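Okay, structure first, notes after.
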Number of protein chains: 4
Amino acid sequence: MIITVASFKGGVGKTTTAIHLAEFLQTDAPTLLVDGDLNRSALQWSGTGGFDFQVCDEGQAVKFSRNAEHIVIDTPARPSVEELATLAGGCDLLIVPTSPDALAMGAMLQMVDYLDKQIFRVLLTIVPAKPSKRGAEARAALESADLPVFSTDIRQLDAFKKAAEQGVSVNKVTGDRMAGIAWNCYQKVGEEILKNG
Amino acid sequence: MIITVASFKGGVGKTTTAIHLAEFLQTDAPTLLVDGDLNRSALQWSGTGGFDFQVCDEGQAVKFSRNAEHIVIDTPARPSVEELATLAGGCDLLIVPTSPDALAMGAMLQMVDYLDKQIFRVLLTIVPAKPSKRGAEARAALESADLPVFSTDIRQLDAFKKAAEQGVSVNKVTGDRMAGIAWNCYQKVGEEILKNG
Amino acid sequence: MIITVASFKGGVGKTTTAIHLAEFLQTDAPTLLVDGDLNRSALQWSGTGGFDFQVCDEGQAVKFSRNAEHIVIDTPARPSVEELATLAGGCDLLIVPTSPDALAMGAMLQMVDYLDKQIFRVLLTIVPAKPSKRGAEARAALESADLPVFSTDIRQLDAFKKAAEQGVSVNKVTGDRMAGIAWNCYQKVGEEILKNG
Amino acid sequence: MIITVASFKGGVGKTTTAIHLAEFLQTDAPTLLVDGDLNRSALQWSGTGGFDFQVCDEGQAVKFSRNAEHIVIDTPARPSVEELATLAGGCDLLIVPTSPDALAMGAMLQMVDYLDKQIFRVLLTIVPAKPSKRGAEARAALESADLPVFSTDIRQLDAFKKAAEQGVSVNKVTGDRMAGIAWNCYQKVGEEILKNG
DNA sequence: TGAGTTAGAATGGCACCACCCGTC
DNA sequence: GACGGGTGGTGCCATTCTAACTCA
């Protein structure tokens, strides 16, 4: 299965999503993460080799993809409309992460306008904790616009930052009480992908 | 005074910084905000006309700049190295916002490597509240690397998201107790700019 | 009171001793630490400004010493015999730290051979925990050689390394159970100095 | 093969490393250890003649080196930058031992800044036992800085102190269960030298 | 609009257990 | 082979601060 993660706005958890979905899919079958981001965030994150799955950059993708059952592609920020069509055509599922704030939602709506509803699904990320209604409001807005959304939110948790610092995925973070909950978010998203895929 | 805001990574408060510095500088002299971001976030934000200063996109910059004493430029994410040199050459101060996490700090360090210490200054943004040590640690790391940093952090506050929703700058947000504190952050940064500039 | 810390062998806790005695003496009166080590370890340690006392290098010593009641001098490793005489002549107390192993003890014995018993006192450092007899054996050897020794050992504790990492003295270390015990070692040594001085 | 051991900070196992590498290389071919340390630690250690290889001080080096295939040079602590260039130019491999703590690592980084990556290799010494993560963290830091590191750590073991007391190398220590493991550390380092050299 | 209240996140402190080294 | 002690890991409680709700 080939999964592409793309967004028009940066800082909405695109790399975090790509990494943790790859980590989850690796539990199902050999998985490769292709780091197409210009900052090489994923490769930088994995500098110390704390991932179970394989990581490579765009140029090595063809070589490494032979041994992988699942492939997750982390794309550069702000793809052009033409690139967007290419990305959508080259995958089985296009995940569009967005945080529940006006700017990110606006950029997301702008993006999905160019996409077929069959190919993409929106993932709400960096959702504040329960007393906040941002997550629920954003979800309601998405559903009223009849856009496909993952039923699980990715919560805003410090554990994800710690994971980047420690160079591991969040399920291997030490010294954070919420790390298990953080990993659980992506587990549910991964299960939703495998079930519907 | 011409101030450019640029970063290699998205979602670190680049547009928020540009808007609020323009709002502050307007209290000193007529100010223009040039929205160079491909998402046109600033223009989208100001859709309802809730700003005191003028806003235009890149193409209109020359025309509007005649009436402005201060100009703030919001640049697209991930400028190339060549663009970076052009940006640095075309302003009096280049502000590099970064949140205090590993990925954003890495991208920031990558960026300032191409810049002269005389032209840029780092602004810590989205800094978590006091029990967290992220802000202090990031500041220590920057100072140990001998990078110029604004002495005031921009705190992680919901008021900034509400400002984007309401289409106004944070000093005009209603229904948020922390909005005054949020505005105070950028006020101090603005004063630091006017004093040193 | 002027206290000099010197040793013929490196890695025996010379800088750690100088820093923590300065921290202790600061509780008695304004104190200055003169970093004479070529590595500038103390200045590096204090880079983030985590000390109560003042720190300066050799060249600034005269200027800063005017405001200080106590002065602690951290000397370079392996002083020559001539330097040793100068160091001994320029202080009220010369502390010779040594760990309880054959190499460090040998270097220490070599050193004190050039010194008057009235001016120096040996400080056992990096002493392993109780099941080990190294500390007791070293203390017995020193006393049988009729050398003046501080009655308190500085124990081998991870807290001292954490202190260097955090850029603070061990009494300000967070997240270490033994930090209080570590600080207690130097407190007792400091009290012994003030009492006998 | 000429191997030089040097460090900016004392107490990081420089002499211990020189002695045990000489002991290992002696199993390959006649080996000479040149004791350049001002404390004459190696000569003191070997006072009772417990080494298989030959030992001499700097002045005798030329004379003894005629009969040796391998030469290991133990240098004085804190060489000047000029001496460093001379040392690097006079050997096939420059080993820089460092313990995994902030002060030693800082001094090491300061030192290798003057060296070519082709000539030196870092050796992690005095690494605490497994529950501690110091060794792994230091190794990760070295690798992220792209510095050449020996793949084997020298562990912090009492056997090395006993070896110094008994005047023998650690493979001849009696009455210590961990002596074999201690010797094994240097065996692996020695094999890495012979293989890559 | 402003003050008091509640829920949740994050740090720090403490107690408990596991592992390993050093001695007996 | 057994015991004591240090280090790291985890779980639990206390504290602080933000964001939301409620009341005047």
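Keep in mind it's a predicted model, so treat the numbers as computed, not measured. In the text below, chain A, chain B and the rest are named by the order of the sequence lines, each starting its count at 1.
- Under the 3.5 Å distance criterion, the side-chain polar atoms of A:S132 are left unmatched by any main-chain donor or acceptor of A:P128.
- Taking atom NZ on C:K161 and atom P on F:dT7, their separation rounds to 9 Å, with Å as the unit.
- Positionally, the nearest nucleotide of DNA chain E for B:T174 lies more toward the 5' end than for the other of B:T174 and D:P131.
- At the phosphate of E:dT23, OP1 or OP2 sits under 4.0 Å from a side-chain N or O atom of D:K162.
- Considering only side-chain N and O atoms, A:K130 lies nowhere under 4.0 angstrom from the phosphate OP1 or OP2 of E:dA7.
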Walk me through it: do A:Y186 and A:F160 pass the test ring-ring contact (aromatic ring centres under 6.0 Å, His included)?
-> CA-CA 11 Å; A:Y186 277 110; A:F160 289 115; 5.8 Å; yes
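- Rounded to an integer number of Å, the gap from C:E165 CD to F:dT7 C1' is 14 Å.
- Comparing B:M178 and C:Q156 along DNA chain F, the residue whose closest nucleotide (by nearest heavy atom) sits nearer the 5' end is C:Q156.
- When the C1' atom of F:dT18 is taken as reference, atom CZ of B:R134 falls 17 Å away, rounded to whole Å.
- To the nearest angstrom, C1' of F:dC21 lies 9 Å from NZ of A:K133.
- To the nearest angstrom, P of E:dG2 lies 14 Å from CD1 of B:I181.
- The shortest distance between the side-chain N/O atoms of C:S132 and the OP1/OP2 oxygens of E:dT23 is below 4.0 Å.
- In this structure, of E:dC20, E:dA10, F:dG8, it is E:dA10 that holds the atom nearest to the side chain of A:D158.
- Mapped onto DNA chain F by nearest heavy atom, D:R177 and A:D176 fall at different nucleotides, with D:R177 at the one closer to the 5' end.
- In this structure, the CZ atom of B:R155 is 16 Å from the P atom of F:dT16, given to the nearest Å.
- Between the P atom of E:dG22 and the CD atom of C:E137 lies a distance of 14 Å, rounded to the nearest Å.
- For the pair A:S99 (side chain) and A:T125 (backbone), a donor-acceptor distance under 3.5 Å is absent.
- Although no hydrogens or angles enter the test, the distance criterion places a donor-acceptor pair under 3.5 Å between the side chain of A:H20 and the main chain of A:V170.
- Nucleic acid contact class of A:G175 (heavy atoms, under 4.0 Å, all strands): sugar-phosphate only.
- For D:K188, the NZ atom is loosely surrounded, since the number of other residues' heavy atoms within 6.0 Å does not exceed 12.
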